[in-house]
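Following: one structure in structure tokens, then a few remarks.
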Amino acid sequence: MFKKMKVQILGKFDIDTLEIEDYLKKFQFSETQPTQEESIGWISPFESSEVLHHAGGGAILLNVMKEKKSVPASLLKRETEKEILRRKETNPDYNPSGDDKKEIKEGIKLRLLPDAQSAFTETRLYIDTKDNYIVIESDSDKMIESINSLLTMTFSDKFEFKYLVINKEPTEEMAQWLSELDLPEHVQLGCACKLKDPISKRAVALTSYDLTDDDKIVSYIDSGMEVQSLAISWSDSKCHEEDDEYESVIFTLNKALSLSSIKTKAPKADNQSDETEEQKLDADFTLFVGQMRGFIPNFFANFE
């Protein structure tokens with residue numbers, strides 16, 4: 001269900017399931033006002049429903065919509081310079097300070113915002129109240145920060161979250177996995193990685209590459225290049241690869257400990273053709289959360 005994710009720890013969620021909808025409605029998404037730069041709020045996880053959440057099996061699926069209007073920087077600069085020139089023509093002694101220029105710029109932005117183009121971003125997340133995780137389908141720090149703020153505003157003092165506490169840097173762990181080929185349990189290397197020299201900014205991207213043929217990669221790491229991302233496969237050792245029911249998660253691990261390009265292999269949800277949208281989503285969500293409950297604590301423990 002999620003193609004990317006950032007995992008956080010759920011510290012507190014003291015809300016009855018029957019009350020969740022009331023909390024969400026207070027912060028339901030509405031489009032920006034003419035002079036408003038951005039807006040964020042909850043929307044339904046369903047395509048044709050006004051219900052703002054889906055709950056099942058101790059997990060709550062939510063959907064966030066964010067609208068962002070932006071005035072092009074070049075236009076803002078040009079209009080600001082024109083306004084300063086106009087004022088100087090009226091008053092030759094006019095010499096705006098930095099604060100004056102900032103005030104002029106903000107005033108012009110408010111004037112231009114009603115005609116600015118809007119960009120809409122929809123982001124899913126779920127709160128696992130059983131294993132105490134929050135999983136956000138984003139690798140953008142700004143979006144994650146916005147969602148954390150929205151969660152805190154929505155649920156107030158009945159909700160707390162914490163960032164994952166790690167003692168091992170992902171870049172260093174990925175470098176060790178590549179150079180020593182000593183991988184944690186359940187983890188196998190994929191066939192792609194990216195490396196970058198933090199000083200020269202030189203970057204190398206390897207795709208469709210045998211990462212176990214480590215001489216070339218080790219030379220990059222020994223030269224001071226850092227591993228930015230690494231393709232990985234995680235599998236449940238209780239299953240067997242030749243088994244049709246074999247469970248695995250294939251993804252790219254990034255240096256900020258976010259995951260992207262996620263693909264899962266697991267027993268498919270038994271969706272029936274006559275099921276409603278809600279029933280199909282419930283089946284898919286239950287299956288996905290169940291698989292993540294095996295994967296998340298197991299994989300991220302490697303960085304504790």
Side-chain angles (χ1 to χ4, degrees), residues 1-17 20 45-46 53-64 123-139 144 147-148 151 155 158-168 170 173 183-188 190 231-241 243-254 256-271 278-304:
M1 289 186 67
F2 286 34
K3 300 302 181 185
K4 60 181 71 171
M5 66 168 61
K6 184 76 171 182
V7 176
Q8 300 175 164
I9 303 297
L10 179 64
K12 181 171 70 172
F13 194 79
D14 295 335
I15 300 172
D16 188 276
T17 304
I20 294 175
F46 305 103
H53 80 289
H54 174 73
I60 302 154
L61 179 64
L62 303 170
N63 213 359
V64 174
T123 305
R124 289 187 295 189
L125 68 141
Y126 73 84
I127 300 172
D128 188 340
T129 61
K130 180 180 177 181
D131 281 7
N132 297 321
Y133 288 106
I134 302 170
V135 178
I136 303 175
E137 191 179 21
S138 177
D139 53 11
I144 291 168
I147 290 175
N148 285 335
L151 283 166
F155 300 119
K158 296 182 179 293
F159 167 85
E160 289 179 0
F161 80 95
K162 297 179 288 185
Y163 295 107
L164 282 174
V165 177
I166 61 172
N167 296 311
K168 300 177 182 178
E173 284 298 292
L183 300 171
E185 188 179 12
H186 308 301
V187 174
Q188 297 89 39
I232 289 174
S233 172
W234 178 90
S235 60
D236 186 343
S237 62
K238 293 182 293 185
C239 302
H240 302 284
E241 193 163 3
D243 190 342
D244 289 339
E245 300 299 290
Y246 178 71
E247 292 193 1
S248 65
V249 184
I250 300 169
F251 58 95
T252 296
L253 173 64
N254 302 300
L257 211 56
S258 61
L259 311 185
S260 58
S261 303
I262 298 172
K263 297 179 181 178
T264 61
K265 179 181 179 181
K268 294 183 178 180
D270 187 20
N271 291 329
E278 289 81 359
Q279 290 171 327
K280 290 179 180 178
L281 180 63
D282 179 67
D284 291 338
F285 181 55
T286 299
L287 181 63
F288 182 78
V289 170
Q291 189 173 21
M292 290 300 104
R293 280 177 176 157
F295 165 69
I296 288 176
N298 186 300
F299 178 72
F300 287 100
N302 294 307
F303 302 93
E304 296 178 351

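In this structure the side chain of Phe299 never reaches within 4.5 angstrom of the side chain of Val7, judged on heavy atoms. In this structure, the side chains of Ile296 and Asp131 stay at 4.5 Å or more apart for every pair of heavy atoms. In this structure, Leu62 and Val64 have side chains that are not in contact, with every pair of non-hydrogen atoms separated by 4.5 Å or more. For the pair Glu173/Asn302, no side-chain contact is recorded, criterion being any heavy-atom separation below 4.5 Å from C-beta on. In this structure, the side chains of Pro45 and Arg124 stay at 4.5 Å or more apart for every pair of heavy atoms. Leu281 places a side-chain heavy atom less than 4.5 Å from the side chain of Met1. Two residues are said to be in side-chain contact when any heavy atoms from C-beta on lie closer than 4.5 Å; Ile262 and Val249 meet this criterion. No side-chain heavy atom of Lys168 sits less than 4.5 Å from a side-chain heavy atom of Ile166.
Ser138 contributes atom OG, which lies 12.0 Å from atom CE of Met5 (distance to the nearest 0.5 angstrom). Within the model, atoms CG of Leu125 and CG of Leu61 stand 7.5 Å from one another, a figure rounded to the nearest 0.5 Å. Of the inter-residue distances, the one linking Thr123 atom OG1 with Asn63 atom CG reads 8.0 Å to the nearest 0.5 angstrom. Note that CZ of Phe295 and CG of Leu259 are 5.0 Å apart. Values are rounded to the nearest 0.5 Å. Considering NZ of Lys6 and CD of Glu137, their distance stands at 15.0 Å, rounded to 0.5 Å. The distance from atom CG of Asp14 to atom CD of Glu160, rounded to the nearest 0.5 Å, is 8.5 Å.
Considering only residues two or more places apart in sequence or on other chains, Phe13 meets the ring-ring contact (aromatic ring centres under 6.0 Å, His included) condition with Phe155. Residues passing the ring-ring contact (aromatic ring centres under 6.0 Å, His included) test with Phe46 are His54, sequence neighbours excluded. When the side-chain hydrogen bond (donor to acceptor under 3.5 Å, both in side chains) test is applied to Asn132, no partner is found at least two apart in sequence or on another chain. Take Asp139 and apply the salt bridge (charged side-chain N to carboxylate O under 4.0 Å, His left out) test, not counting sequence neighbours, and it matches Lys4. For Tyr126, the ring-ring contact (aromatic ring centres under 6.0 Å, His included) partners two or more places apart in sequence, or in a different chain, are Phe2, Phe285. Every residue meeting the side chain to side chain contact (heavy atoms under 4.5 Å, CB included) condition with Asn148, not counting sequence neighbours, appears here in chain and number order: Gln8, Ile136, Ile144, Leu151, Phe161, Tyr163.
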| message | For Val135 and Asp128: C-alpha separation, side-chain torsions, deciding distance, then whether side-chain contact (heavy atoms from CB on, under 4.5 Å) applies. | response | CA-CA 8 Å; Val135 178; Asp128 188 340; over 6 Å; no
| Hey, mind stepping through Tyr133 and Leu10 against side-chain contact (heavy atoms from CB on, under 4.5 Å) and telling me if it holds? | CA-CA 5 Å; Tyr133 288 106; Leu10 179 64; 5.9 Å; no
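When all heavy atoms of Gly57 and Arg293 are compared, the closest pair comes out as O-NH2, 2.8 Å.
A distance-only check finds a donor-acceptor pair linking the side chain of Thr129 to the backbone of Gly58 [under 3.5 Å].
Taking the six-membered ring where the residue is Trp, Phe303 and Phe300 present tilted rings, their angle falling between 30° and 60°.
Around atom NZ of Lys12, more than 12 heavy atoms belonging to other residues, nucleotides or ligands sit under 6.0 Å away.
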